[in-house]
Chemist: 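First, the structure itself, so that you have it in front of you.
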Amino acid sequence: MESETVDGVALETWTPQEVHDALAEGQIVLIDVRTPQEYMFEHVVGSLLMPMSFFAPRYLPSQGTKRIVLHCGSGVRSEKMARAAIAAGIDKIAHMGGGFGAWKEAKLPYMGTDMGTGAPSMVNPD
């Protein structure tokens, strides 16, 4: 995990493996900021959807026991939304470096779409 200070707040960048492990252990809330279409086509199981176009930091869940980690396709949108969350007063926020592309490159499990049937299909199951 890398960290940088933005307006006095630590903005963490997590690797896909760190996100996978923390999600599996129930330590984080993973929020996907991609479009609904991207999410429907393929997504990390257990992630919540809050598209960038509708992103409102005030609606983020409480971080009493779980850290919020944002992710997108490449890491660009999630970093932008993490910075917006910090600007809105959120003092604990992280994003996944490299985004969903890095997740797939690391061969971590996700829900995809079977192109033959259009049905959901697990890819790289644990």
Chemist: Considering non-hydrogen atoms only, spot the tightest contact between Pro57 and Ile90 and give its length.
Modeler: O-CD1, 4.1 Å

Chemist: Quick one, His43 with Leu49, criterion side chain to side chain contact (heavy atoms under 4.5 Å, CB included). Give me CA distance, side-chain angles, the key distance, then yes/no.
Modeler: CA-CA 9 Å; His43 63 273; Leu49 179 63; over 6 Å; no

Chemist: Decide, yes or no, whether a salt bridge links Glu12 with Lys92 under the criterion of side-chain N to carboxylate O below 4.0 Å.
Modeler: no

Chemist: Answer whether the closest heavy-atom distance between the side chains of Pro109 and His20 falls below 4.5 Å.
Modeler: yes

Chemist: Work out which heavy atom in Pro16 is nearest to a heavy atom in Ala102; give both atom names and the distance.
Modeler: CG-CB, 3.6 Å

Chemist: Can you check side chain to side chain contact (heavy atoms under 4.5 Å, CB included) on Thr13 and His95, steps first, answer last?
Modeler: CA-CA 5 Å; Thr13 301; His95 86 105; 3.3 Å; yes

Chemist: So for atom CZ, which belongs to Phe41, do other residues, nucleotides or ligands contribute more than 12 heavy atoms lying within a distance under 6.0 Å?
Modeler: yes

Chemist: Determine whether Met115 and Met40 fall in the same hydrophobic cluster, where Ile, Leu, Val, Met, Phe, Trp and Tyr are linked whenever their side-chain heavy atoms lie under 4.5 Å apart.
Modeler: no

Chemist: Decide whether Met50 and Ile86 are clustered together by the hydrophobic rule: side chain heavy atoms of Ile, Leu, Val, Met, Phe, Trp, Tyr closer than 4.5 Å, transitively.
Modeler: yes

Chemist: How close do Ile31 and Pro61 get, heavy atom to heavy atom, and via which atoms?
Modeler: CD1-CD, 3.9 Å

Chemist: Any link between Phe54 and Leu60 through a network of hydrophobic side chains (Ile, Leu, Val, Met, Phe, Trp, Tyr) touching at under 4.5 Å?
Modeler: no

Chemist: Starting at CD1 of Ile68, measure out to CG of Leu30 and round the result to the nearest 0.5 Å.
Modeler: 10.5 Å

Chemist: Can you tell me how far CG of Leu23 sits from CD of Glu25, rounded to the nearest 0.5 angstrom?
Modeler: 10.0 Å

Chemist: Name the one of His71, Met96, Met1 that satisfies side chain to side chain contact (heavy atoms under 4.5 Å, CB included) with Val19?
Modeler: Met96

Chemist: Do you know the tightest heavy-atom contact between Ala82 and Ile93?
Modeler: O-CG2, 3.9 Å

Chemist: Counting only N and O atoms by type, is there a donor-acceptor contact under 3.5 Å from the side chain of Thr5 to the main-chain atoms of Gly8?
Modeler: no

Chemist: Under the 3.5 angstrom rule, does the side chain of Glu79 hit a backbone N or O of Val76 as a donor-acceptor pair?
Modeler: no

Chemist: Please check if Leu108 and Val123 belong to a single hydrophobic cluster, counting links between Ile, Leu, Val, Met, Phe, Trp and Tyr side chain heavy atoms closer than 4.5 Å.
Modeler: yes

Chemist: To the nearest 0.5 angstrom, please state how far the CG atom of Leu70 sits from the CE atom of Met52.
Modeler: 11.5 Å

Chemist: Take Ile28 and Lys66, measure what side chain to side chain contact (heavy atoms under 4.5 Å, CB included) needs, and give me the verdict at the end.
Modeler: CA-CA 5 Å; Ile28 64 169; Lys66 294 184 179 186; 5.5 Å; no

Chemist: Look at atom NZ of Lys80 and say whether more than 12 heavy atoms of other residues, nucleotides or ligands are closer to it than 6.0 Å.
Modeler: no

Chemist: For residues Ala22 and Trp14, report the shortest heavy-atom separation together with the two atoms involved.
Modeler: CB-CZ3, 3.6 Å

Chemist: Thinking salt bridges, do Arg83 and Glu4 make one under a 4.0 Å N-O criterion?
Modeler: yes

Chemist: How long is the straight-line distance from CG of Asp91 back to CG of Leu11, given to the nearest 0.5 Å?
Modeler: 12.5 Å

Chemist: Please tell me whether Leu48 and Val45 are part of a single hydrophobic cluster in this structure, the criterion being side-chain heavy atoms less than 4.5 Å apart.
Modeler: no

Chemist: Could you tell me which non-hydrogen atom of Glu42 sits nearest to which non-hydrogen atom of Gly112, and how far apart they are?
Modeler: CB-CA, 4.0 Å

Chemist: Can you tell me how far the OG atom of Ser78 sits from the CZ atom of Phe55, to the nearest 0.5 Å?
Modeler: 9.5 Å

Chemist: Kindly assign one of parallel, tilted or perpendicular to the pair Phe100 and Tyr110, based on the angle between their ring planes and the thresholds 30° and 60°.
Modeler: perpendicular

